[in-house]
2 protein chains.
Amino acid sequence: MGQQIAFHKADQLKVKPDPEHLGFGRHFTDYMLEMDYSVDDGWHDARIVPYGPITLQPAATVFHYGQEVFEGMKAYRAEDGRILLFRPEMNMRRMNQSCARLNIPAIDEAFVTEAIMKLVDIEKDWIPSKPGQSLYIRPFIIGTESFLGVHPAESYKLIVILSPVGAYFGDTVNPVKIYVEDEYVRAVRGGIGFAKTGGNYAASLKAQSKAEELGFDQVLWLDGVEHKYVEEVGSMNIFFKVDGEVWTPALNGSILPGVTRDSVIRLLQHWGVPVKEKKISVKKLFKKAEKQKLEEVFGTGTAAVISPVGFLKWEDRLIRVGNGEIGPLSKKLYETLTGIQTGRLEDELGWMQEVSSEETAVAD
Amino acid sequence: MGQQIAFHKADQLKVKPDPEHLGFGRHFTDYMLEMDYSVDDGWHDARIVPYGPITLQPAATVFHYGQEVFEGMKAYRAEDGRILLFRPEMNMRRMNQSCARLNIPAIDEAFVTEAIMKLVDIEKDWIPSKPGQSLYIRPFIIGTESFLGVHPAESYKLIVILSPVGAYFGDTVNPVKIYVEDEYVRAVRGGIGFAKTGGNYAASLKAQSKAEELGFDQVLWLDGVEHKYVEEVGSMNIFFKVDGEVWTPALNGSILPGVTRDSVIRLLQHWGVPVKEKKISVKKLFKKAEKQKLEEVFGTGTAAVISPVGFLKWEDRLIRVGNGEIGPLSKKLYETLTGIQTGRLEDELGWMQEVSSEETAVAD
Ligand SMILES: Cc1ncc(COP(=O)(O)O)c(C=O)c1O
Ligand SMILES: Cc1ncc(COP(=O)(O)O)c(C=O)c1O
C-alpha cells in the first residue's frame, strides 16, 4: 500500500489496572487506531491517537440504521517475551465478509493487520501475562454519514481499541449451563447471521436475559426456520462429542464462522479425531444424551477459548453432560490452544504471528 | 411526571434551507431534545439544546452491539397556521415496544410527547408549508455504556432531531417499481422485525442495492421461513387491491406495525371498503394479476404517506399494476390522509394533536 500510519503521542499515560482484577472489556489502553473512509479518498488517514471519545453528528448512520461491523481477537505475551497474535488474517477476512454483507467498503486486510501490529507494539506494556490473560483487540467500523434515509453511508470510521482482559469466565474453567431457546430467533438463512454486526447481538439480548432469569448462563440458538437444529451459543460456536465423534453445526449462513471453531476442527483432524460439520437436531442430541452417548459439549470463542457445557435445558428437559465437569477432550483442546497461543507449545499449524518492534516503526 | 425540560439557547441560528430543495433528511434545525438514562436515576435531565455532535466513548454499546431504536413522525403546518402532529401516541407506543424487544428501558410516553411538542414549538419557523412538505421528527435511543461484552447497556441517550423535508419521492406521485426479494431476508418470526431498530435496516441494504442495480426502486420482502408470503417494502407497509377487496399482510412479528398502515385500514373500514389483514402468498398475487384482478398496489409510510406501485418483479416474471399509474383508491387515500394531516379535511377519527405555544413554555 505504501500508506503511512501517523502517531500522535499522548501527553500523559494512564495508570494500568490491577492485573488481579482485569475483568473483560472494562479497561482500555492509552492509544487507539483510527482510519476514515470517504467516497473520494477511500480508506485513508490511518493514525494511532490517544484513546478517547468519538464525536459524530446525531444523524450519523450508525445511530439509526445499524451499519456497523466488528471483530474480536487477542494478543498474547509468551513466556519468552514474544508478542503473539492468533490467526489475525482470519479476523481480517471475516471483517471483510461482514463488510460485504453490510454494504461497507472493504478494508485492505494486510494494511490493517500491519496497523494493528503497530498499535499492539506501542501498547505492549499493557499485555498482561498471567494464565488466561491477554490483550483483547476490538476493530470496528461504523457508518458516519449525517443523513436520515435507508441507504449505505458514504463515510465510515474504522477504529481499533485494546483492552487487557482476564479469563472470560473467571479463574477456573467452570462448565456453563445452557438454555436452548425455542421462541426468540437470532438469525436466519438469507439474513445477517454470518456477519459480525450489531444487529445480531441486539437481537440476542432478550433471550439472554430470559435464560439468565431462568438460572442459565448462555443461550443455545436454534435455526430460525424450523426451530429444530442447533446453531451457536451467544458468542461462541458449539461442539458435541457423541459416541466418539465430534459434531458441530455446519456453516449455513446464519452462524458466525468462528476462528476458534475452525481451529478446533483443524486440531481434531490433525489428531485423527473424527469431526463432522452437519445439521444437528436438538431432538437427536437429547436422545443421544438419554442413551449416555453425549460425552462432551463445549463452546468455542476468542473470549473463552473453550468453554465446557455442564447442563443443557430444552423445553421441559434438562440434561447433565458427562459428570458436569470439563471432559478430557475439551480439556485437551483448551490446553493445546492456549499453549499454542502463549508460545508454550509448538505452533505446528503455523497459526501465530509475532508482533516485532523492528517492523513496526511508526512516523512520529 | 413533574419533570422539567431545560432549554439552552443557541448563540446563533442557522440560515434555513431553500424550501424548493429540501430533499429528505439532509437539513437539521437549530435545536434537539436530549435525555439520559442511568440505572440510578432512570430517564432524566430532559433538555432542549443547540443541535450538535454527540460524543461517546469508543466502547459505547451502540457502536458494537446495535442496541438502538428509533421512530419517525411528522409535524405539519396547517393553512390556518396551526401545527399538527399525526397520531404521535402511536409512535411513542411503538418506540416502547421496540425498547422492550431490545432490552432498552421504557420511556414515559406522555412526557416524551410533551417534550417533542416543546421542541417542535420552538422550531416552528422551520416547518415548511408547501404541499408534501413537513417537519420530520426523528426520536432515537442509543446504548452508551462503555463496555465490551454482549449485555444490555446500563446507560442510554434519547435524542430527538428535526428535519424539514419535501415530498419523499419528489414532486409528482410516480408509481414505484418493486423487486420481490427471494434470497436475502430482512426479518423472521421470533426475531426483531416488528421493532424499529438499526439491525433490520442494516440487513436490508444489500437487497436494496441489488434491486437498484436491476432497475427497481424498492424491495418487497418475503417471509424468512418459507420465502412465499409478502411482508413489507423497504420502509413501507404494503397493500393490494384485489377484485374489490384490499389486502395487507397480517402483523406476524416480523413486519413493522406502521402507523400509516393502521390509519389506512381504519379509513377503509370507515368508508366501508372491505379490508383484510392476512397471509398473502406472492404466487397468488401474481395469479390474480394474470387474471387482471390486481387492481392497485401501494406502500404506506410516514415518509411517502401513500406510494403507488406500478411494477412488481418476482423471479422471472414482471407485472404492471393497472395502467402503471396511481389508482383511484390509492389517490383517495393519499388525498384524505394528507388532507387530514394538513388540516384541510376534517379530522373525523381524532388523529391530529395540535402543538400549542401556551402549553409548551420551557424553563430557560
Ligand atoms: C455469535 C458468535 N458466534 C461465535 C463466536 C466465536 O467466534 P471466534 O472463535 O472467532 O471468536 C463469536 C465470538 O466472536 C460470536 O460472537
Ligand atoms: C420497515 C418499515 N416498514 C413500514 C414502515 C411504515 O411505518 P409508518 O407508517 O409508521 O411510517 C416503515 C417506516 O417507518 C418502516 O421502516
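Throughout, a chain's letter reflects where its sequence line sits, starting with A, and its residues are numbered from 1.
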Checklist entry - Step by step, would you call A:Tyr201 with B:His64 a ring-ring contact (aromatic ring centres under 6.0 Å, His included)? => result CA-CA 9 Å; A:Tyr201 299 87; B:His64 305 266; over 10 Å; no

Next on the checklist: I'd like to check B:Tyr229 versus B:Trp221 (side-chain heavy atoms, cut-off strictly below 4.5 Å). Are they in contact?
Outcome noted: no

Checklist entry - Between B:Ala202, B:Gly199, B:Gly190, B:Ala100, which residue shows the highest count of heavy-atom pairs closer than 4.5 Å to chain A? => result B:Gly190

Checklist entry - Which of the residues B:Glu181, B:Arg138, B:Glu212 is involved in the greatest number of heavy-atom pairs with chain A at under 4.5 angstrom? => result B:Arg138

Checklist entry - Between A:Tyr65 and B:Phe70, how do the two ring planes meet: parallel, tilted or perpendicular, split at 30° and 60°? => result perpendicular

Checklist entry - With a 4.5 angstrom heavy-atom cut-off, which part of B:Ile142 approaches chain A: side chain, backbone, both or neither? => result side chain

Item to check | Engaged part of B:Arg189 at the chain A interface, taking heavy atoms whose separation is under 4.5 Å | outcome: both

Item to check | Closest-packed option against chain B by number of heavy-atom pairs under 4.5 Å, given A:Arg26, A:Arg186, A:Lys196 | outcome: A:Arg26

Checklist entry - Between A:Thr61 and A:Gln67, does any side-chain donor sit less than 3.5 Å from a side-chain acceptor? => result no

Checklist entry - In a check of side-chain contact (heavy atoms from CB on, under 4.5 Å) between A:Pro152 and each of A:Ile104, A:Leu102, A:Asn103, which one passes? => result A:Asn103

Checklist entry - Do A:Glu145 and A:His151 touch side chain to side chain, with heavy atoms closer than 4.5 Å? => result yes

Checklist entry - Among residues 155-164 of chain B, which ones touch chain A with a heavy-atom distance under 4.5 Å? => result B:Ile161

Item to check | Under 4.5 Å from a heavy atom of chain A, the part of B:Glu183 involved | outcome: backbone

Item to check | chain A contact via B:His27 - which portion, at a heavy-atom distance below 4.5 Å | outcome: neither

Checklist entry - Does the side chain of A:Pro17 come within less than 4.5 Å of A:Phe28's, by heavy atoms? => result no

Item to check | Largest heavy-atom contact set with chain A, pairs under 4.5 Å, which of B:Leu56, B:Ile192, B:Val62 | outcome: B:Leu56

Checklist entry - Does A:Met35 reach the side chain of A:Leu33, with side-chain heavy atoms less than 4.5 Å apart? => result no

Checklist entry - Using a cut-off of under 4.5 Å for heavy-atom pairs, which of A:Gly23, A:Gly191, A:Gly25, A:Ala207 has the most such pairs with chain B? => result A:Gly25

Item to check | Segment of A:Leu148 engaging chain B (4.5 angstrom heavy-atom cut-off) | outcome: both

Item to check | B:Lys74 NZ: over 12 foreign heavy atoms closer than 6.0 Å | outcome: yes

Checklist entry - Is there a side-chain contact between B:Lys228 and B:Leu222 (heavy atoms, below 4.5 Å)? => result no

Checklist entry - chain B: which of A:Pro58, A:Gly66, A:Gly198 shares the most heavy-atom pairs with it under 4.5 Å? => result A:Pro58

Checklist entry - A:Val233: what forms a side chain to side chain contact (heavy atoms under 4.5 Å, CB included) with it, not counting sequence neighbours? => result A:Ile178, A:Gln218, A:Leu220, A:Met236, A:Ile238

Checklist entry - Who among B:Asp223, B:Thr197, B:Ile141, B:Val225 has the most heavy-atom pairs with chain A under 4.5 Å? => result B:Val225

Item to check | Heavy-atom proximity to chain A below 4.5 Å, by part of B:Val188 | outcome: side chain

Next on the checklist: Testing the basics here: between B:Asp217 and B:Gln208, what is the closest heavy-atom pair and its distance to 0.1 Å?
Outcome noted: O-NE2, 2.8 Å

Next on the checklist: Is B:Phe24 close to chain A through its backbone or its side chain, or both, or neither, when contacts mean heavy atoms under 4.5 Å?
Outcome noted: both

Item to check | Derivation of the side chain to side chain contact (heavy atoms under 4.5 Å, CB included) call for A:Arg94 and A:Met73 | outcome: CA-CA 12 Å; A:Arg94 187 170 66 188; A:Met73 54 207 267; over 6 Å; no

Item to check | Residue part contacting chain B, namely of A:Glu71, when any heavy atom lies under 4.5 Å | outcome: neither

